[in-house]
Number of protein chains: 2
Amino acid sequence: MMFCCSPVTRQPLSAQEADELARVFKAVGDPVRLRLLSLIAAHAGGEACVCDLTGAFELTGPTISHHLKVLREAGLIEGERRATWIYYRVRPQLLRQLSDVLVPDPAGVRA
Amino acid sequence: MMFCCSPVTRQPLSAQEADELARVFKAVGDPVRLRLLSLIAAHAGGEACVCDLTGAFELTGPTISHHLKVLREAGLIEGERRATWIYYRVRPQLLRQLSDVLVPDPAGVRA
DNA sequence: CTGGTAGTTCGACGTGTGTCAAACCAATGA
DNA sequence: TCATTGGTTTGACACACGTCGAACTACCAG
């Protein structure tokens with residue numbers, strides 16, 4: 001992930017930065033994916049296997065799998081197979097970057 | 001906006017919270033809207049008229065207008081007409097909420 | 001009132017996306 | 001080796017979304 005830490009409110013984003021950022025925000029711009037992210041992050045041990053996740057939704061396996069893939073390709077989570085199960089964990093660095101980039105300027109810093 | 005301040009990583013989002021949050025993240029999940037938000041926020045005085053914005057893109061007026069409407073309906077910006085021009089300004093409260101909700105837990109807080 | 005500029009709304013069109021069923025791959029266990 | 005369970009991939013379909021041109025509204029200047 002190439003964009004860096006200066007908030008969106010500081011100076012105008014370049015088209016490139018905007019493209020990269022938008023890709024990630026689009027990934028969290030879906031209620032199912034947000035809940036998946038939240039379920040994984042808040043799960044005991046910081047990780048959850050897919051079998052823990054599918055039960056929380058009225059959606060089929062393939063659909064959950066699709067959303068996990070979107071989150072994975074956005075860099076928000078990573079998965080690891082252990083024996084029969086695949087465990088997902090969130091990648092806090094990217095989450096932190098997203099959080100930082102949205103922080104509003106303290107009033108009056110701009111000209 | 002009804003969702004509140006506890007980070008997504010703390011405890012699983014309810015379906016309702018996820019819906020509301022996703023609506024807003026979807027609004028920032030587009031490169032043009034991200035740049036618009038950034039242009040408005042970083043503009044001198046904290047506001048910009050539409051005429052300041054359209055020139056920054058290779059897009060027609062109606063398209064810019066459409067994206068501004070999406071940002072407006074998401075609660076991220078607000079517009080005010082003064083004489084011939086309409087000035088947009090970002091609403092920092094919502095930006096702050098989005099930022100807060102994405103902050104990762106300090107390691108080891110969860111069980 | 002007429003003309004001109006700023007901006008939005010409307011209607012249409014092509015592409016992207018969420019969903020599912022069916023087929024497939026990986027690991028375990030008789 | 002075969003059957004079973006966990007997950008992903010593929011293909012198809014309906015709907016949402018980004019974009020544009022054209023029509024429209026709001027304001028200002030003669």
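By convention in this document, chain letters (A, B, ...) are assigned in the order of the sequence lines, proteins followed by strands, and residues within each chain are numbered from 1. Excluded from the calculations below are hydrogen atoms, water molecules and symmetry mates; all remaining heavy atoms, backbone and side chain alike, are included.
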Gap between atoms [atom1] and [atom2], on [X] and [N] respectively (whole Å):
| X | N | atom1 | atom2 | value |
| --- | --- | --- | --- | --- |
| B:Lys69 | C:dC10 | NZ | C1' | 10 Å |
| A:Asp30 | D:dC15 | CG | C1' | 14 Å |
| B:Leu68 | C:dT8 | CG | P | 6 Å |
| B:His66 | C:dA12 | NE2 | P | 17 Å |
| A:Leu71 | D:dT8 | CG | C1' | 15 Å |
| B:Arg72 | C:dT8 | CZ | P | 6 Å |
| A:Arg35 | C:dG18 | CZ | C1' | 15 Å |

Is there a donor-acceptor pair closer than 3.5 Å between any side-chain N or O of A:Arg35 and the backbone N or O of B:Glu17?
->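 Not confirmed, A:Arg35 side chain does not pair with B:Glu17 backbone.
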
Taking A:Ser99 for its side chain and B:Ser99 for its backbone only, find out whether a donor-acceptor pair lies under 3.5 Å.
->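 Answer holds: yes.
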
Using a heavy-atom cut-off of under 4.0 Å over every strand shown, decide if A:Tyr88 touches base, sugar-phosphate, or nothing.
-> sugar-phosphate

With heavy atoms under 4.0 Å as the rule, sort A:Leu59 into base, sugar-phosphate or nothing.
-> sugar-phosphate

Find out whether [X] and [Y] are in side-chain contact, i.e. whether some heavy atom of one side chain is under 4.5 Å from a heavy atom of the other.
| X | Y | result |
| --- | --- | --- |
| A:Asp52 | A:Leu39 | no |
| A:Arg72 | A:Lys69 | yes |
| B:Leu37 | B:Leu95 | yes |
| A:Asp100 | A:Arg96 | yes |
| A:Leu102 | A:Phe25 | yes |

With a cut-off of less than 4.0 Å, is there a side-chain N or O of [X] near OP1 or OP2 of [N]?
| X | N | answer |
| --- | --- | --- |
| A:Lys26 | C:dT17 | yes |
| A:His67 | C:dT19 | yes |
| A:Thr60 | C:dC20 | yes |

Selected nucleotide, minimal atom distance to B:Thr63 side chain, candidates D:dC20, D:dG7, C:dT8 | D:dC20

Out of C:dA6, D:dG21, D:dG6, which has the shortest distance to the side chain of B:Trp85?
-> C:dA6

Contact string for nucleotides 24-30 of chain D, one letter per nucleotide 5' to 3', B = base within protein heavy-atom range under 4.0 Å, S = sugar-phosphate only, - = neither, reads --SSS--

